[in-house]
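Below is one structure; the comments refer to it alone.
Below, chain A is the first sequence line, B the second, and so on; all start at residue 1. Note that the structure is a prediction, hence the values are computed from the model and not measured.
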Amino acid sequence: MTSAPDAPEQGFRLSQLIYDTRYRSLTIQAIVFILVMGGAAWLVDNVIQNLNDLGKDFNFSFLGQRAGYDIGNAIIPYNNDMSHGRALLVGLINTLWVSFLGCVAATIIGIFVGVLRLSKNWLVARLMTVYVEVFRNIPVLLWILVAIALLTDVAPSPNAYKVNQQTGEAQASMLLDSVAFTNRYTAIPSVHFDRSLGSLDTALAPISLNFLALVIVLIASIWVNKRMLTHAAKVQESTGVRPTMWWKSALVLIAPVVILAIALGINPEEPQIKGFNFTGGTNVSNSFVALWLGLSLYTAAFIAEIVRAGILAISKGQTEAAFALGLRANRTMSLVILPQALRVIIPPLISQYLNLTKNSSLAIAVGYLELRGTLGGITLNQTGRELEAITLMMLIYLAISLSISGVMNVYNNRVKLKER
Amino acid sequence: MKKSVFFGALTAATLTAGLAGAATLDDVKSRGELICGVNTGLVGFAAPDANGNWSGFDVAVCQAVAAAVLGDPSKVKYVPTSGQTRFTALGSGEVDLLARNTTWTFSRDTDLKLQFTATNYYDGQGFMVRKDSGVTSAKELDGASICIQTGTTTELNLADYFKANNMSYQPITVDSNAEGEQQFLAGACDAYTTDASGLAATRAAFANPADYVILPEIISKEPLAPAVRQGDDQWTDIVRWTVFALIGAEEYGVTSANIDELAKGTDNPEVNRLLGTEGDLGAMIGLDKDWAVKAIKANGNYGEIFAATIGEQTPIGLARGLNAQWTQGGLMYAPPFR
């Protein structure tokens, strides 16, 4: 029938739920929903039942109890008298710290490698290909283990830096008298202020007022510099001549910070070998460096491929047009190609950042205590709260991942191609 | 809905293994095999040889229980567990018995829902350092880097000890004894700390054991005991009394050499009851009359096992010390078999 007259008004019949296409999809969805919920309820009930049988309950009060264990690389103040909750926080901050530094390093290396892989220089391009293929095809855990093995086996023990009483010299000497590579950590100088402003105590960690002051001054300098550049652009538009800006910018950006730092009496505090270990400076543990290196180099290989794909996605006509305008190759890349490539690059890049963050939980292999090591490792084991600790850990990782992807999506929306 | 799917997946992941029923004895019998959680490799206590045959002091407990229950000490499947995985393995039913250098503590006994059966080794936490470091006392370890296995009582004792003595240290966490050994040998830590018996066993496996010293300080009590799940009293009794049978056998002079002779009946009623020629102790725990005979035959009595695996004649070279029989001034004491 080609001309279907309007169906006569009828009352709703139950069979319509199956035979009427208007309702069928809703019926199927409702059934699936009920099945899924039923399955979930069955599982939850199972858990409750099993926990009851074991005589265990489900509560998070263990987070308030004394942790009793020490953490080698705590960024915020921590000691074994503090609670499991505090240990969780220490682990979380370690996770975020290594993930952040890893993402930064991976992005920088990835962009360089991705661009260079397209180089016309045969050797450079092939070297980068080898790097990418080697790193992305071997599991990241192995790279982390390789890094820790190298760091542990190549460097001398802190003992070697000790001056021998008889001979009057040490087996190993420090780089520039201030950096010592050991098989446990790298001792680097820390910053010391003679006329310190003190620090602000907060619940989380004491904030150094010196650093706060320096950061504020730096932000102010950047803001002033931006205003000056805007002004220079205006002058250029009205007169056609751009005022010389580079030394003014340099002065505005550098001078205030340097003056403040000198006023505070900044000087490096060099590490000294004392007893078993270096004290005075900062000890960057090998487990941290190994994890950071492994994650960065591995993820960079993927980012390099993403960058390469992004660049190749831009039509060659853009490059030719830029060359025709007289732009040199590096300016073409940074002003024409990469900005356009970003819209292809950003979405897969988000995934890589998420992967890197999640992979940081492999830190357990090198003894760097991040979230998996504190909450999911020692706390879980000492308190026996497997279900609670794992649930909490999964929720935290979920929150971190969603935050990263949220922030990156905001950025993506800002840089993506806007069609007007 | 997303959330419930997530929780569903979570619970499925954690509990699909399911909790073994209470009657572990029936499970073991019907399976024909005892599943025993052991160390991932600690020479003397539990380590596989080149052919994959496990042996050692803890392994002997597994074998004795298998012999008592199944009549054959070889019917054991060994599951290596790390300090972090051992309690989950036991709690989830993956293993029937945990014979693995595990310290009997209050919270493990109560909060973790474990049941410790009977202490089979009285230990204490010690420190091992390189001889050329010149350290002769744990009190000199201020500022040292110390390798420590995570998820152990030693981790907590270490923190307490350094705090009590107003010293600082840098913890280097490792996951297993093998990793700790490797880190310590590579010089990534100045001292390695674990139970003194574990230190001795680890040192015995070094290429040059003489280059390392175990410091005299013992900073904790570590009663090591085989553990089972709470809530299965019969199974607890079986493991507990198997261990006591080994200890009692040494006290009464029952050895693997003379057990066949003694099992025919002796003048000593206690020995008769232990070996099943008098009374019916076996039936009370659901086993055969001669359960103890089989258990003792597996590797000999407690003293024989000690001497063969970790004693002074072995590379590990542990003296009996606290682990001597109570009649010899030690703490090994089996309650009466009656």
Self-check item: CD1-OG1 distance between Ile71(A) and Thr173(B), expressed to the nearest 0.5 angstrom
Solution: 9.5 Å
Practice problem: Check each atom of Gln182(B) against the heavy atoms of chain A and say whether the ones under 4.5 Å are side chain, backbone, both or neither. | Solution: neither
Quiz item: Is any side-chain N of the basic residue among Asp70(A) and Lys163(B) closer than 4.0 Å to the acidic one's carboxylate O?
Solution: no
Practice problem: Check each atom of Ala155(A) against the heavy atoms of chain B and say whether the ones under 4.5 Å are side chain, backbone, both or neither. | Solution: neither
Self-check item: Residue Gln230(B) versus chain A: region with a heavy atom under 4.5 Å
Solution: neither
Exercise. Measure Phe162(B) against the heavy atoms of chain A and call it side chain, backbone, both or neither at under 4.5 Å.
Key: neither
Quiz prompt | Within 6.0 angstrom of Asn166(B) CG, more than 12 heavy atoms from elsewhere | solution = no
Quiz prompt | Atom group of Asn157(B) that falls short of 4.5 Å from chain A, counting heavy atoms | solution = neither
Quiz prompt | Top contributor to chain B interface from Thr182(A), Asn283(A), Asp81(A), Thr152(A) [non-hydrogen pairs under 4.5 Å] | solution = Asp81(A)
Quiz prompt | For the student: nearest non-hydrogen atoms of Gly68(A) and Ala159(B), plus distance | solution = O-CB, 3.3 Å
Quiz prompt | Heavy-atom donor-acceptor pair, Gln382(A) side chain to Thr152(B) backbone, under 3.5 Å | solution = yes
Quiz item: Atom CD in Gln183(B), atom OG in Ser287(A): separation rounded to 0.5 Å?
Solution: 9.0 Å
Quiz item: If you look at every heavy atom in Asn277(A) and Ala144(B), which pair is closest and at what distance?
Solution: ND2-C, 3.6 Å
Quiz item: Which heavy atom in Ser157(A) sits nearest to a heavy atom in Gly187(B), and how many Å separate them?
Solution: CB-O, 4.2 Å
Practice problem: With a 4.5 Å heavy-atom cut-off (strictly below), which parts of residues 367-381 of chain A touch chain B? List them by number. | Solution: Gly367(A), Leu369(A), Arg372(A), Gly376(A), Gly377(A), Ile378(A), Asn381(A)
Quiz prompt | Phe276(A) and its side-chain contact (heavy atoms from CB on, under 4.5 Å) partner, picked from Ile146(B), Val129(B), Val135(B) | solution = Val135(B)
Quiz item: Which bit of Ala67(A) is near chain B, if near means a heavy-atom gap under 4.5 Å: side chain, backbone, both or neither?
Solution: backbone
Self-check item: Toward chain A, the part of Leu141(B) with a non-hydrogen atom under 4.5 Å
Solution: both
Practice problem: Check the surroundings of atom NZ in Lys221(B): do more than 12 heavy atoms from other residues, nucleotides or ligands lie under 6.0 Å from it? | Solution: no
Quiz item: Given that the side chain runs from C-beta out, which part of Asp175(B) has a heavy atom under 4.5 Å from chain A: side chain, backbone, both or neither?
Solution: neither
Practice problem: With the side chain counted from C-beta on, respond yes when Asp190(B) and Arg184(A) share a heavy-atom pair under 4.5 Å apart, and no when they do not. | Solution: yes
